[in-house]
There are 2 protein chains.
Amino acid sequence: MKASTENLRKQNRGLILSALRRLGSVSHTELSQWTSLSSATVSTITTELEKEGILLREEQAPSAGRGRPRVKFRQNPNCAFVAIVRITSEMVQYSLVDYAGTLKDRFEEKRPPAETDIDTFSNRLKNDIQRLIERSELQPEQILTVSITTKGLVASGKPELLWSPVFEDNTMNFEDLLRPILPAQIRLTNDTQFAAQSIAEQRAAKLGGFSNRKLATLSLSHSIGLGIATEEANGKISSFAPPFGHMMHDPNGPLCRCGAHGCIESIAGFYGILRTAFEVDDDVVPAKFIPLKEIENIAVRARNGDHQSEYAFRRAGEALGIGLGRLLTLLGPMPIAITGHGTLFYDLMQTSILDGIQNTLQVRRNKMPDVSFHTDEGHLIFNGNVQSCLSDLDSNIISEQNGTKWKFN
Amino acid sequence: MKASTENLRKQNRGLILSALRRLGSVSHTELSQWTSLSSATVSTITTELEKEGILLREEQAPSAGRGRPRVKFRQNPNCAFVAIVRITSEMVQYSLVDYAGTLKDRFEEKRPPAETDIDTFSNRLKNDIQRLIERSELQPEQILTVSITTKGLVASGKPELLWSPVFEDNTMNFEDLLRPILPAQIRLTNDTQFAAQSIAEQRAAKLGGFSNRKLATLSLSHSIGLGIATEEANGKISSFAPPFGHMMHDPNGPLCRCGAHGCIESIAGFYGILRTAFEVDDDVVPAKFIPLKEIENIAVRARNGDHQSEYAFRRAGEALGIGLGRLLTLLGPMPIAITGHGTLFYDLMQTSILDGIQNTLQVRRNKMPDVSFHTDEGHLIFNGNVQSCLSDLDSNIISEQNGTKWKFN
DNA sequence: AACATTTTTTCGACTGTCGAGAAAATTAAT
DNA sequence: ATTAATTTTCTCGACAGTCGAAAAAATGTT
């Protein structure tokens with residue numbers, strides 16, 4: 001709260017690090033321009049960071065004009081590493097990324113289709129992370145963060161999974177699970193949150209601060225995910241992921257996996273669509289693992305004019321559209337990005353989705369928000385996670401008084 | 001973005017001003033403790049502010065113990081004034097408040113019950129503000145802000161009323177209206193937003209930073225208002241007011257004043273309750289001005305067991321409860337404060353409201369949020385407005401390099 | 001009147017940023 | 001080759017801000 005000269009330096013160190021994070025490899029002069037700090041302060045800060053082993057001076061490529069050639073700075077890739085774990089319903093992806101954001105190692109492990117035992121799952125996860133560490137030949141202390149993404153409801157403040165489509169109410173604390181094998185900070189985040197973060201950062205980079213201050217990302221799949229990214233006053237993009245899939249759509253609606261009736265997901269998740277299409281009783285929850293093929297078959301029938309199949313998708317679109325309308329009512333109009341396998345069936349839901357959005361006071365008064373599609377959901381989630389992780393590290397670095405913690409180089 | 005020694009001073013000036021704003025009359029030592037600034041910097045900043053005419057040194061009351069008696073600082077009440085205008089469906093209240101927050105003058109003007117012409121209304125408003133200025137015998141330049149609260153949908157960024165229950169789609173720009181008569185900054189804000197702000201500030205003051213980071217305030221009346229206050233990381237409380245009353249409840253529901261079908265307000269606003277109670281057709285919108293007496297009569301019948309009257313309130317509660325549940329799903333669990341005349345009928349809606357809230361994933365997992373009642377809505381709105389206005393002034397003051405603008409003392 | 005006590009101000013040290021000029025490193029010209 | 005031109009980076013002194021400690025101020029107590 002109180003401002004001191006120390007904070008001043010911290011903030012400007014942060015500015016330099018974030019410039020490096022965004023621009024990759026930057027010269028002294030460019031840093032000065034980008035941060036609007038004077039050349040003198042850039043000098044002192046960069047030499048400081050270099051001594052701490054966070055920055056590297058880079059030999060300059062043959063220069064274009066005359067004059068002293070620029071010396072470029074870049075992050076020391078080896079000053080920290082993060083493990084990125086992406087859990088999907090089909091597999092778990094393990095990646096190792098260095099401080100500069102380069103992917104150093106990656107492998108994926110399929111999930112057995114019918115496995116719902118949480119202990120089996122978490123033990124395998126633990127072993128696989130152990131394997132990632134061993135393969136890297138790094139010391140466990142060099143991995144500063146393990147950041148995990150998953151579907152479902154995540155606790156705030158601690159890395160605990162509170163509810164998920166597969167394990168339902170069996171909670172899972174990743175901190176407790178992984179503490180024995182490495183001292184890293186453990187993070188757990190809803191995956192669609194990072195998809196939103198990633199798309200928002202893309203747009204901000206392209207447009208230079210994305211004009212609209214908010215963005216919603218909807219993930220259509222077995223379950224329904226939503227992430228919302230906001231550009232704050234200082235230019236940083238923050239995001240969160242409300243359990244949109246379990247927002248009440250119709251109190252008299254079908255049974256949802258979460259135990260309630262009429263959640264959006266119970267109608268618009270793949271299992272909801274399947275249930276409507278096959279006219280299964282509303283109180284029956286279909287199997288947890290539905291092959292995508294099944295839904296594709298329903299879509300084919302719908303496109304061939306089968307009424308009940310058409311209705312299944314239309315009904316899903318209605319729940320999504322009205323839900324999005326409610327969202328926009330509360331948070332204001334914002335562009336909407338759609339990801340997930342469900343984008344394949346957007347043609348069957350479009351009309352009812354757009355109708356729902358349209359039926360909103362501010363949208364009626366102004367104009368329809370942009371709706372865009374992103375087929376590379378896995379990529380987005382991974383990128384968002386990496387960026388968020390490394391920015392976090394940057395924030396920790398600027399607070400470090402003496403570079404003791406950053407000795408790996 | 002960039003941090004300089006200038007910003008440093010600004011921030012610490014702000015700290016001093018906010019301490020003064022919260023504590024009223026404070027000594028040097030108390031300021032130092034509260035802000036955790038050193039005694040030396042408190043000295044330089046206070047003398048600076050005193051020279052600029054923003055602070056006054058106050059003679060000390062007979063001291064208690066031995067030692068040099070404390071000299072207290074307080075805001076110079078005459079260094080600025082604000083006009084506070086509160087528009088309700090029955091009247092318009094005009095208040096003049098000085099920089100220290102003291103009410104200097106106030107009068108109210110009744111609104112003719114059937115007046116829906118926006119020009120007549122705005123001309124009278126303009127004249128009444130003119131009168132407030134004249135009565136004060138201040139120069140128009142001494143009034144730095146005119147801050148207006150109203151029901152309805154307010155534009156962001158400019159003081160324009162976009163939609164209101166009375167004037168509907170006839171917009172009204174208060175900047176254009178008032179610019180001819182005074183040079184002040186014009187603000188227009190939804191009234192429930194300030195009710196939320198005010199309640200949140202009360203709690204923060206009482207608990208020292210209110211534990212729960214968010215608070216929703218629901219205003220039940222002819223129309224339905226909602227404000228959400230959030231405590232930011234720096235301790236400041238910010239708020240906003242989504243058009244909750246026009247969030248879709250049921251797409252097949254009754255006609256709303258806004259032109260859509262099934263908005264929460266169309267069921268839970270007084271006119272919605274009236275329509276249900278008297279079994280008026282869903283496509284008929286009842287009169288704009290409904291005497292409170294009418295609703296009280298329906299309530300009496302409901303309490304005496306009249307089924308249709310009971311149903312009218314129950315249905316309203318359902319719309320409100322499910323709506324609040326959706327809100328909590330998107331923004332996370334938070335305490336709920338209820339204001340407005342509608343609190344008189346809460347007994348008739350309680351069960352269905354609580355049911356709706358309860359039917360939310362996070363609420364089911366944790367516990368029911370606190371629901372509290374505040375009968376002094378007018379007071380809350382006024383206080384919230386004043387606090388927000390004066391804090392705004394404080395922020396402007398800290399940026400002033402030379403106190404030229406603050407010469408009235 | 002001298003001393004004790006508490007509050008406020010002042011002073012020197014320290015940290016941070018900035019502008020301007022010096023130094024460095026290269027290309028182009030002589 | 002040497003010199004000049006040019007561009008980039010570093011360095012130095014000036015300035016602004018905060019802090020701790022000591023001095024000064026204002027009162028009560030002995």
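If you're wondering where the values come from, they're calculated on a predicted model, not measured in any experiment. Chain naming here is simple, since letters A, B, ... match the order of the sequence lines and numbering starts at 1 in each.
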Base, sugar-phosphate or nothing for A:Lys72? Non-hydrogen atoms, less than 4.0 Å. nothing
Taking salt bridge (charged side-chain N to carboxylate O under 4.0 Å, His left out) as the test, write out the residues that go with B:Arg74, two or more places apart. B:Glu58
Contact between B:Leu96 and B:Leu138 at the side-chain level, heavy atoms closer than 4.5 Å - yes or no? yes
Phosphate OP1/OP2 of C:dT17 contacted by B:Lys2 side-chain N/O (<4.0 Å): no
Are there any protein N/O atoms within less than 3.5 Å of an N/O atom in nucleotides 1-3 of chain D, and if so, which ones and at what distance?
none

To the nearest Å, give me how far apart CD1 (B:Ile16) and C1' (D:dT18) are. 13 Å
Any donor-acceptor pair under 3.5 Å linking the side chain of B:Gln11 with the backbone of A:Met1? yes
Would you work out how much the helix from C:dA1-D:dT30 to C:dT30-D:dA1 bends between its ends, with each end axis defined by five base pairs, to 10 degrees? 40°
Could you list all the salt bridge (Lys or Arg N to Asp or Glu O under 4.0 Å) pairs where at least one residue sits in residues 379-398 of chain B, not counting sequence neighbours? B:Arg21-B:Asp394, B:Arg187-B:Asp392
Measure CZ/B:Arg70 against P/C:dT9 and give the value in whole Å, please. 13 Å
Expressed as a whole number of angstroms, how long is the span from B:Phe73:CZ to C:dT7:C1'? 11 Å
What residues, two or more places apart in sequence or in another chain, satisfy salt bridge (charged side-chain N to carboxylate O under 4.0 Å, His left out) together with A:Asp376? none
Give B:Val42 one of three labels, base, sugar-phosphate or nothing, depending on what nucleic acid heavy atoms sit under 4.0 Å from its own. nothing
Interatomic distance where CG belongs to A:Leu15 and P belongs to C:dT17 [whole Å]: 11 Å
Salt bridge check, B:Glu50 against B:Arg57: does any charged N sit closer than 4.0 Å to a carboxylate O? yes
Can you list the residues that meet the side chain to side chain donor-acceptor pair (under 3.5 Å) rule with B:Asn12, with sequence neighbours excluded? none
Rounded off to whole Å, could you give me the CD1-to-P distance for the B:Ile398 and D:dG17 pair? 14 Å
Toward the 5' end of DNA chain D, by each residue's nearest nucleotide, A:Arg57 or B:Leu8: A:Arg57
By a strict heavy-atom criterion of less than 4.0 Å, which residues belonging to residues 27-40 of chain B are in contact with DNA chain C? B:His28, B:Thr29, B:Ser39, B:Ala40
Sequence-distant partners of A:Lys236, salt bridge (charged side-chain N to carboxylate O under 4.0 Å, His left out), two or more places apart: none
So does B:Glu137 have more than 12 non-hydrogen atoms from other groups sitting under 6.0 Å from CD? no
Nearest-Å distance for atom pair CG/P, residues A:Asn12 and C:dT15: 17 Å
Considering the options B:Thr189, B:Leu178, B:Val154, which one meets the side chain to side chain contact (heavy atoms under 4.5 Å, CB included) requirement together with B:Ile148? B:Leu178
Any N/O pairs under 3.5 Å between the protein and nucleotides 4-6 of chain D? List them or say none.
from: D:dA5; atom 1: O4'; to: A:Arg66; atom 2: NH1; distance (Å): 3.3
from: D:dT6; atom 1: O2; to: A:Gly67; atom 2: N; distance (Å): 3.4

For B:Ser43, all residues meeting side chain to side chain donor-acceptor pair (under 3.5 Å), sequence neighbours excluded: none
Could you check if a side-chain atom of A:Ser388 sits within less than 4.5 angstrom of a side-chain atom of A:Gln193, using non-hydrogen atoms only? no
Can you measure A:Arg9 atom CZ to C:dC18 atom P for me and round it to whole angstrom units? 10 Å
For atom CD of A:Glu58 and atom C1' of D:dT8, their distance in whole Å: 17 Å
Would you say D:dT18 has OP1 or OP2 under 4.0 Å from some side-chain N or O of A:Thr5? no
Listed by chain and number, what are the side chain to side chain contact (heavy atoms under 4.5 Å, CB included) partners of A:Ser18, not counting sequence neighbours? A:Trp34
Who pairs with A:Arg68 by salt bridge (charged side-chain N to carboxylate O under 4.0 Å, His left out), at least two apart in sequence or on another chain? none
